[in-house]
Structures are given as structure tokens and as C-alpha cells.
Amino acid sequence: MPHSTFQKRLNTAMERAGLKQADLVRMASERGAKLGKSQVSQYVSGKVVPRRDVMALLADLLGVTSSWLSGAGPDPAKTSPATEPQPQPTTQGSTTMREFKKSSKLDNVLYDVRGPVVDEAARMEDDGARILKLNIGNPAPFGFRAPDEVVFDMRQQLADCEGYSDSRGLFSARKAIMQYCQLRNIPGVDMKHIYTGNGVSELIQLSMHALIDNDDEVLVPSPDYPLWTACVTLAGGNAVHYICDEANEWNPDLEDMESKVTSRTKAIVVINPNNPTGAVYSREILEGIVEIARKHQLMIFADEIYDRLIMDGYQHISIASLAPDLPCVTFSGLSKSHMICGYRVGWMVLSGNQRCMRDFILGVNMLSNMRLCSNVPAQSVVQTALGGYQSVNEYIRPGGRVYEQRNYVYEALNAIDGVTAVKPKAGFYIFPKMDIKKFNITDDEQFALDLLHEKKILITRGGGFNWAEPDHFRIVFLPRMEVLKESMEDLADFFAHYHQN
Ligand code: PLP
């Protein structure tokens, strides 16, 4: 088949379906198929014709037949009365099946931390490349181990964890969480309002589904940990982003926050300490947020999963401790502080004004019961983990791995001409800014792909955190110092000549 026929048909089908190259990459990845951005771009420009299996995938995504797309079959637009190409039944063996598309509820959901650039990295790995992954806060691959006591205790208790627990969680786990809340001055916490989950992730989704009606609005930070925006959207709501101000240590811009409250706003999400910026909010900022919530009668959802990873002597204040009169939901877990994100255990605690949350609590209970319970072996170590000696403190003090690696990456990034970064006060992430004029950057996904292709370094683009400008990216500084040094040298080398086309 001549390249030009395929190229023409591909472009026609994309135009008819209203799909861009990035849409095809995304749709393929959502189906678990590998389709790189550069691959698609080569097909669109007619340089390459895909293999048969990729042809079938493209045809499927575009709702046309493989034979037409490859140049063999008739144009569906000319043979069918409809002007749009109609989805063609796919045939496998003797059964003709209709096509199953993903729910349109997912259309506006974004989760780039494991998105298309990550798929391209996986494709490169399949081809034998070694990729340095600075894209995900997963401590284990970088040599951070769970405290021995936690592993020992889980092993001891495994035989007793075979059944479902109470849907909210084991008594011992919830008691330990309750005591933890007391230490953090969170008022009025009742055992029945503590829920364990398969990570904070499950509880973010559960709580948003329990609260949100179609078109309700939730104030979410920009940049955010993107699961929040995704879960608000998936629950039928609109995430309205308030700005966190880089010029002011990435603190929330309270004026901007309040200006975005409307009659549909139900809640404010606060991520403190923040991912991706590493900011830790002062009492004054938190009181400002509480004031806005009080004035406009909003719930507060506080994601505090990094609350035990604070450096430089800063103090973490739970916003719920400042809002005893307001409905608050506070989230935390062991994924980061105990380096056991694979065990999957987190929790959510309802505090403050419980009266006004009565119906919401019924919804939370219903959804909690429906998932039966969270992972019981992981719940069994919550008591061990929260009590006694906290080994994580060794990582975050001077001389500790997280502390020293943070300092190094901060210095190294700021030494690159055209790159600046605010020093993170907590967590594992830094969110540097690029001079987009100097590097001619208009598309941060392209930047991430260019860096991946040239230096085999995988980062997450700023847009992946619902940041509107293409001028930021996030680095995870968990790798060992030798690896970080090499990667920062590579990054400096990359920026020394990078100019986006
Ligand atoms: N919240 C924030 C801010 C995070 O950064 C993450 C993970 O990176 C999570 C929640 C999810 O944590 P979990 O492993 O408990 O699901």
C-alpha cells in the first residue's frame, strides 16, 4: 500500500472523529495498548505505515475498519448515509462483537503521573533502554525499606487477617489513628468516624463520590496531586482550581481562592504538605483558609499524607485542629512515612461539626460498606507504625537521605541557566520552573518526551498536576545521590542546548 494512501485516510479519519494525535496516544494507553506520540506523528506525516496490529488498533480508535484505513476497503463515509465513520463491529473467530468504549465519564479525567509519557518510557524499556524514573513517589525501588518492626508485625499477624474486618477497619488500627489525631489536636474524633482505606487514594475517591452531585464545585489547588481533580470530575463535579503562588513559597493565594467560590461550591481541598511543591503551610495561611470555609459554609478536605516528612524544623499543623466548628475530613496513611506504599493502607477521619455532615456520613458508610473493608494485613500494622520510634526521622534530618538529596537537587536545579526552583520543606518532590521563552517551550508533554528520548530521564510535566502553563515539571528526589548527580548533570546538559521545535 502506498504511504500516501494510508496517510490521507488516517488524517481524514482523525478529522472526522475530531481526534488529535495526543488523543490517540491517550486512548490507546487507556486500553492498555502501547502507542507512542512519536509513532503517531510518523504515521500522520506519512513517514511510516504501521504494522498490522497497530493498524487494527488505530482503526478501532478511529471507529473505521482496518481494511479501509490500510487502503483496501471502501470509504465508510461514502457507503454509509451518516457523514461520520460508524463504529465497525470487530470480528474474532466466528463471533461478531460490538465495540466497548470507555465511559464518557472518563473523558476529562487526567492522571499523567502514569500517563502517555510513561507509556513511551515503557515502550523504550521494551526496546532495551534503561530509563531513570523520577516521575513517581515510590520509595521501595530506590532502596527505602519499611521499618523492620512493621514487616515483622505483619508477618506475625498474617494468620489472623484472613477475614474481612469491620468495613471502617480493625479496632486496633482505628484506635491508633484516633490517638494520632489527639496528638495533632484534631478535636471531636469519634472511633466511628475513622475509616481505613486501600491507601488514601481509595478514600479520596470514596469521599468525593459520597459528597458530589452533578455540577457541584470543589476548590482544588493548582498545582495539585491530580487524583483530587480526577475524583471530583469522575464523581460528576467540577474541580475549580485556586492558585498556589510560587512567588510566595507556593502558598495558596487566598484572594484567588475566595474569588472562585460560587453558589455551587461545596468544599475546599487542601494538600499540606503539598505534592508537587513541597510547601508546608503556616498557621496564618491555614487560618485564612478556615475563614473562607467558615464564611461560605464549605467542607474542608485535608490531604496530609506527607505530615511526617517535614524538614528544616518546620511544624505541621492539621487544618482540622483550627476548625472545630466546621466539617473536616483529614487524610493520611503509611505509604510515605513508612515507605510501604505497596501495602496499601491509609485513613480518613471526620472531625469538627458532625451535625451538618450527618447525611454525608450516611453516604460514606454506604460506600465503605459496599467495598467491604480495606486490606486487613496492612491495617494490622497501623498501631505498630504510629506508635513509638519513627525511623522516618532519620531520613529527614541533616545527614539523612531525603534531606541531603533534597538539598542537592535544589542546588543543582537552581544552578541550571533558565531553571529555578523553590526549596521544598517536606516530602520527596520539587517543582522547578523553566524559562519557556529561553527554551521556546509551548508544550510541556513534548518537553517531557524530548527529555526522555535524549537523556532517558522520566519526569512528570507540570500540566499533569493541573498547572495551566507549560513551564513546570516535577522531579522525585528519591534516587541515591550518585544517580541523582548523574541525572542532574544530564539535565544541565539537556537544558544547555534545548530549544523546542
Ligand atoms: N495524596 C497525595 C498528596 C499523594 O502524593 C499520594 C501519593 O503519591 C496520595 C495521596 C496517595 O497515597 P496512597 O498511597 O495512600 O494511596
Side-chain angles (χ1 to χ4, degrees), residues 1 3 5-71 73 76 84-92 97-129 131 133 135-136 226-227 230 233-234 443-453 456 458-461 463-464:
M1 187 226 345
H3 284 198
T5 309
F6 163 70
Q7 184 204 1
K8 241 186 253 160
R9 291 191 169 195
L10 175 64
N11 282 292
T12 306
M14 284 171 67
E15 206 178 300
R16 285 178 185 163
L19 294 174
K20 299 203 165 34
Q21 296 184 29
D23 297 323
L24 293 177
V25 173
R26 179 180 45 77
M27 289 161 75
S29 117
E30 284 162 2
R31 292 179 178 202
K34 282 189 186 138
L35 188 64
K37 199 168 174 179
S38 54
Q39 235 179 315
V40 177
S41 133
Q42 287 186 325
Y43 302 149
V44 168
S45 61
K47 285 191 195 133
V48 177
V49 173
R51 293 188 319 262
R52 207 173 334 154
D53 54 339
V54 181
M55 185 74 80
L57 171 68
L58 286 170
D60 232 28
L61 297 176
L62 291 163
V64 297
T65 59
S66 205
S67 66
W68 174 76
L69 187 63
S70 63
E84 296 291 315
Q86 299 301 301
Q88 304 294 314
T90 54
T91 312
Q92 190 150 33
M97 290 291 290
R98 68 192 162 101
E99 195 183 350
F100 296 93
K101 299 211 169 210
K102 75 166 165 52
S103 158
S104 55
K105 284 184 243 133
L106 290 167
D107 281 353
N108 297 315
V109 173
L110 163 116
Y111 194 73
D112 264 32
V113 177
R114 291 189 191 254
V117 184
V118 182
D119 294 336
E120 173 64 359
R123 191 195 60 74
M124 289 167 69
E125 276 184 326
D126 285 349
D127 287 349
I131 309 290
K133 298 192 181 101
N135 66 314
I136 192 160
L227 187 64
T233 311
L234 199 52
D443 178 345
D444 58 358
E445 186 170 304
Q446 191 56 50
F447 154 73
L449 282 168
D450 291 342
L451 179 64
L452 177 66
H453 288 144
K456 319 265 181 305
L458 178 61
I459 50 85
T460 309
R461 68 189 182 102

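Everything quoted here is computed from the prediction, not taken from an experiment. Heads up: numbering here begins at 1 and tracks the sequence.
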Report summary line: Applying side chain to side chain donor-acceptor pair (under 3.5 Å) to Asn11 and not counting sequence neighbours gives none
Query raised in the report: Taking only residues two or more places apart in sequence or in another chain, which ones pass side chain to side chain donor-acceptor pair (under 3.5 Å) with Lys105?
Result: none
Query raised in the report: What closest approach, in Å, do Leu58 and Pro50 show between heavy atoms, and which atom pair accounts for it?
Result: CD1-CG, 3.9 Å
Query raised in the report: For the atom pair CG (Leu234) and OG (Ser103), what is the distance rounded to the nearest 0.5 Å?
Result: 7.5 Å
Query raised in the report: Under a 4.0 Å N-O cut-off, is there an ion pair linking Asp119 with Arg123?
Result: no
Requested in this report: Under the side-chain hydrogen bond (donor to acceptor under 3.5 Å, both in side chains) rule, what do Thr460 and Asn135 come out as? Steps first, then yes or no, please.
Outcome: CA-CA 5 Å; Thr460 309; Asn135 66 314; 4.9 Å; no
Query raised in the report: Looking at Lys37 and Glu445, does any basic side-chain N land under 4.0 Å from a carboxylate oxygen?
Result: yes
Report task. Hey, could you give me the NZ/CG distance between Lys8 and Leu69, rounded to the nearest 0.5 Å? Result -> 14.0 Å
Query raised in the report: Quick one: salt bridge (Lys or Arg N to Asp or Glu O under 4.0 Å) partners of Glu125, sequence neighbours excluded?
Result: Lys133
Requested in this report: Please identify each residue that fulfils side chain to side chain donor-acceptor pair (under 3.5 Å) with Gln21, with sequence neighbours left out.
Outcome: none
Requested in this report: Report yes if the side chains of Leu62 and Met14 come closer than 4.5 Å at any heavy-atom pair, otherwise no.
Outcome: yes
Query raised in the report: side-chain contact (heavy atoms from CB on, under 4.5 Å) between Leu452 and Phe447: does it pass, once the steps are laid out?
Result: CA-CA 8 Å; Leu452 177 66; Phe447 154 73; over 6 Å; no
**Report entry** Spacing of OG1 belonging to Thr65 relative to CE belonging to Met55, to within rounding of 0.5 Å
**Finding:** 10.5 Å
Report task. Please name all residues satisfying side chain to side chain donor-acceptor pair (under 3.5 Å) with Thr233, sequence neighbours left out, ordered by chain then number. Result -> none
Report task. Verify side-chain contact (heavy atoms from CB on, under 4.5 Å) between Lys34 and Glu120, making sure each step is shown before the conclusion. Result -> CA-CA 8 Å; Lys34 282 189 186 138; Glu120 173 64 359; over 6 Å; no
Query raised in the report: How far apart are the C-alpha atoms of Met124 and Ile131, what are their side-chain angles, what is the distance that settles it, and do they pass the side-chain contact (heavy atoms from CB on, under 4.5 Å) test?
Result: CA-CA 8 Å; Met124 289 167 69; Ile131 309 290; 4.0 Å; yes
Report summary line: Residues Gly463 and Asp444: closest non-hydrogen pair is N-OD2, 2.8 Å
Report summary line: Between the CZ atom in Arg31 and the NZ atom in Lys102, the distance rounded to the nearest 0.5 Å is 9.5 Å
Query raised in the report: Can you tell me how far CG of Leu458 sits from CD1 of Ile136, rounded to the nearest 0.5 angstrom?
Result: 9.0 Å
Query raised in the report: What's the spacing between Ser29 OG and Leu24 CG if we round to 0.5 Å?
Result: 12.0 Å
Query raised in the report: Which heavy atom in Val49 sits nearest to a heavy atom in Tyr43, and how many Å separate them?
Result: C-CE2, 4.3 Å
Report task. For the pair Val64 and Arg16, evaluate side-chain contact (heavy atoms from CB on, under 4.5 Å) and give the outcome as yes or no after the intermediate values. Result -> CA-CA 10 Å; Val64 297; Arg16 285 178 185 163; 5.9 Å; no
Query raised in the report: Any Lys/Arg nitrogen of Arg461 or Asp443 sitting under 4.0 Å from an Asp/Glu carboxylate oxygen of the other?
Result: no
**Report entry** Note: Glu15-Arg9 ion pair, threshold 4.0 Å (strictly below)
**Finding:** no
Report summary line: For Lys20, the salt bridge (Lys or Arg N to Asp or Glu O under 4.0 Å) test, sequence neighbours excluded, returns none
